[in-house]
Amino acid sequence: MAEYATLEIEGKKYKFPIITGSEGEKGIDISALRRQTGYITLDTGYGNTGSCKSSITFMDGEKGILRYRGIPVEQLAEYSTFTETSYLLLNGKLPTRNELNKFSVMLNDLSLVHEDMQTFFQNFPRASHPMGILSSMVNALRSFYPELKDEDDDIEKTMPRLLAKIRTMAAMAFKISRGYKVVYPRPDLSYCANFLNMMFDSPVKPYEVDPDVVKALNAFWILHADHEQNCSTSAVRVVGSGRVNLYAAVSAGMAALWGPLHGGANQAVIEMLNDIHKSGTKLKKVIERAKDKNDPFRLMGFGHRVYKTYDPRAKIMKKMVDNYFAKNKLEDPLLNLAKELEEVALTDEYFISRNLYPNVDFYSGTFLRAINIPTNMFTVMFAIGRLPGWISQWKESIDDPDWKISRPRQIYTGPTEQQFVLIDERE
Ligand code: ACO
């Protein structure tokens, strides 16, 4: 039986259908609201607005659940690889061995980037942030495929092409920013091992693939692979809704991810921990600053729009970091500091009453430091991980029969009509 929500405005009643998701989530379909009532909704930051129906990722912020295509992220991080999880996100099902082999071979075959791209990279100023370089280069990549029509790309090839090339471009950005020789992808290496080799192999010190690092990096990227309608994914969908090509839409997502309140938080956390460590500031003082509404300082890596309990990704990341450090007998004062800070924050009434817990970015930087990724590459590492999610969400929106260009409305609060005054007559 159809369910409806009733809205009463100025004494008149209107009915709007209630829609229910496969996990029992409820929403009110207000598509006809303005047409029927003349009213719009106001929801700054979209905290209560569903922008689409999606079958890719399910999260429950109250229970701390995250699943890709129905599979818990805990199981994927434990048993899957990033390549397999990417296939799952893109295709909606786990691959057979044969399908996975074909997909992996395709990723390797497509991993080289055009030699001319090196010229672009070389011309960025040395101090450029790798996120700025990467988002520009992803957009520029489209220019190398002039045979494609914007609205009808050879999408089945474009998706793996982007997945394959992003790690080459990310490693290239790192090498060139250091003035080192670029290392080419190797067809015999898996996705993660190939990336590590392109980052760390050098003529003076050949890189030896460490299976522990490869396993941990796979899990790191799986944890970042999708997160439903977050800021950067919404950017990809909004920009893509104008029917722009995939490269441009993903480049927009990368720009959104760069922000310190979003994916840029992994860099901001380590910078914050470094500052605290170097200055020797007492943790109580740090917490006081985070609580002070007159101080712009926030506890980076804490809080989340959807999770009102411990972020399941942060839980796995913390365990993974602990295992990795123990196995490799590593010590990092910033990891110890992060744990102390978490303990102080989680017993503070301010954080308890607002349900502020560590998010995925709180511990991820300590792992990336441990595997020698430079701090300014942290958000790039997040971006590589999020790419299958962005592509899947973009594809879903393009195929959506209910698709519409994204175009929110507003409540105007500026001046009412006034007349133009000639410059010499102005007061
Ligand atoms: N430190 C101190 N106070 C915080 C923090 C924090 N990290 N996060 C939220 N709060 C407070 C807010 O000041 C607000 O307090 P109030 O109710 O007294 O006004 C309350 O908690 C609710 O926070 P909002 O900002 O309304 O929550 P919102 O959902 O809009 O923001 C966000 C979520 C942006 C993640 C926020 O928690 C934040 O800035 N965290 C730090 C940055 C960060 O770690 N970002 C990464 C998020 S995960 C990701 O994107 C991959």
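Order of appearance sets the numbers: ligands from 1, and atoms from 1 within every ligand. All residue numbers refer to positions in the sequence shown, counting from 1.
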**Request:** Answer yes if the ring centres of Trp258 and Phe382 are under 6.0 angstrom apart, and no otherwise.
**Result:** no
**Prompt:** Nearest protein heavy atom to atom 42 (C) of ligand 1: under 4.0 Å?
**Reply:** yes
**Asked** What protein heavy atom is closest to atom 7 (N) of ligand 1, reported as residue, atom name and distance in Å?
**Response** Leu299 O, 2.7 Å
**Complete:** Closest to atom 8 (N) of ligand 1 among protein heavy atoms sits Leu356 CD2, 3.7 Å
**Prompt:** Are the aromatic rings of Phe351 and Phe302 close, with centres under 6.0 Å apart?
**Reply:** yes
**Item:** Heavy atom of the protein closest to atom 2 (C) of ligand 1 (residue, atom name, distance)
**Value:** Ala290 O, 3.5 Å
**Asked** Phe382 near ligand 1, heavy-atom distance under 4.0 Å?
**Response** yes
**Selection from Met300, Lys293, Met272, Arg386 by shortest heavy-atom distance to atom 16 (P) of ligand 1** = Lys293
**Asked** Would you call Phe297 a ligand 1 contact, heavy-atom distance under 4.0 Å?
**Response** no
**Request:** Check whether any N or O atom of Lys308, backbone or side chain, sits under 3.5 Å from an N or O atom of ligand 1, and answer yes or no.
**Result:** no
**Request:** Measure from the side-chain N and O atoms of Asn91 to the backbone N and O of Tyr87, and report whether any donor-acceptor pair falls under 3.5 Å.
**Result:** yes
**Item:** Residues Glu23 and Arg67 bridged, charged N to O under 4.0 Å
**Value:** yes
**Prompt:** Are Asp399 and Lys395 close enough for a salt bridge, meaning some N to O gap below 4.0 Å?
**Reply:** yes
**Prompt:** How about Arg126: does its CZ atom have over 12 heavy atoms from other parts shown lying under 6.0 Å from it?
**Reply:** yes
**Prompt:** In the protein, what heavy atom is nearest to atom 50 (O) of ligand 1, and what distance, to one decimal place, separates them?
**Reply:** His262 ND1, 2.8 Å
**Asked** Among protein heavy atoms, which lies nearest atom 29 (O) of ligand 1, and at what distance?
**Response** Arg305 NE, 2.8 Å
**Request:** List the closest protein heavy-atom neighbour of atom 40 (N) of ligand 1: residue, atom name, distance to the nearest 0.1 Å.
**Result:** Phe302 O, 2.8 Å
**Request:** For ligand 1, indicate whether the residue Tyr350 contacts it via side chain, backbone, both or neither (heavy-atom separation under 4.0 Å).
**Result:** side chain
**Message:** Once salt bridge (charged side-chain N to carboxylate O under 4.0 Å, His left out) is applied, do any residues pair with Lys291, and if so which ones, sequence neighbours excluded?
**Reply:** Glu288, Asp348
**Message:** Check this for me, if you would: do Lys93 and Glu99 make a salt bridge, where the nitrogen-to-carboxylate-oxygen distance has to be below 4.0 angstrom?
**Reply:** yes
**Prompt:** Which of the numbered atoms in ligand 1 are below 4.0 angstrom from a heavy atom of His304?
**Reply:** 37 (O), 48 (S)
**Prompt:** Going by distance only, is there an N or O of Ala265 that falls short of 3.5 Å from an N or O of ligand 1?
**Reply:** no
**Message:** Starting from atom 45 (N) of ligand 1, what is the nearest protein heavy atom, named by residue and atom, and what distance separates them?
**Reply:** Leu261 O, 2.8 Å
**Asked** Under 4.0 Å from any heavy atom of Arg354, which atoms of ligand 1 are there?
**Response** 11 (C), 15 (O), 16 (P), 17 (O), 18 (O), 20 (C), 21 (O)
**Message:** So, using side chain to side chain donor-acceptor pair (under 3.5 Å) as the criterion, who are the partners of Glu228 when residues are at least two apart?
**Reply:** none
**Asked** Taking distance alone, with no angle check, do Arg313 and ligand 1 share an N/O pair under 3.5 Å?
**Response** no
**Message:** Less than 6.0 angstrom separating the ring centers of His114 and Phe120, yes or no?
**Reply:** no
**Request:** Quick one: look up the protein heavy atom nearest atom 32 (C) of ligand 1 and list residue, atom name and how far away it is.
**Result:** Arg298 NH1, 4.4 Å
**Asked** Any protein heavy atom under 4.0 Å from atom 27 (O) of ligand 1?
**Response** no
**Request:** Answer yes or no for Arg34 and Tyr39: cation-pi contact, defined as NZ/CZ to six-membered ring centre under 6.0 Å and angle to ring axis within 45°.
**Result:** no
**Asked** Can you list the ligand 1 atoms lying under 4.0 Å from a non-hydrogen atom of Gly301?
**Response** 43 (C), 44 (O)
**Asked** With the threshold set at 4.0 Å, does a side-chain nitrogen-carboxylate oxygen contact exist between Lys339 and Asp322?
**Response** yes
**Message:** Regarding atom 51 (C) of ligand 1: of the candidates Asp361, Asn266, Asp292, which has the closest heavy atom?
**Reply:** Asp361
**Asked** Is Arg243 positioned over the aromatic face of Trp403, cation under 6.0 angstrom from the ring centre and no more than 45 degrees off axis?
**Response** yes
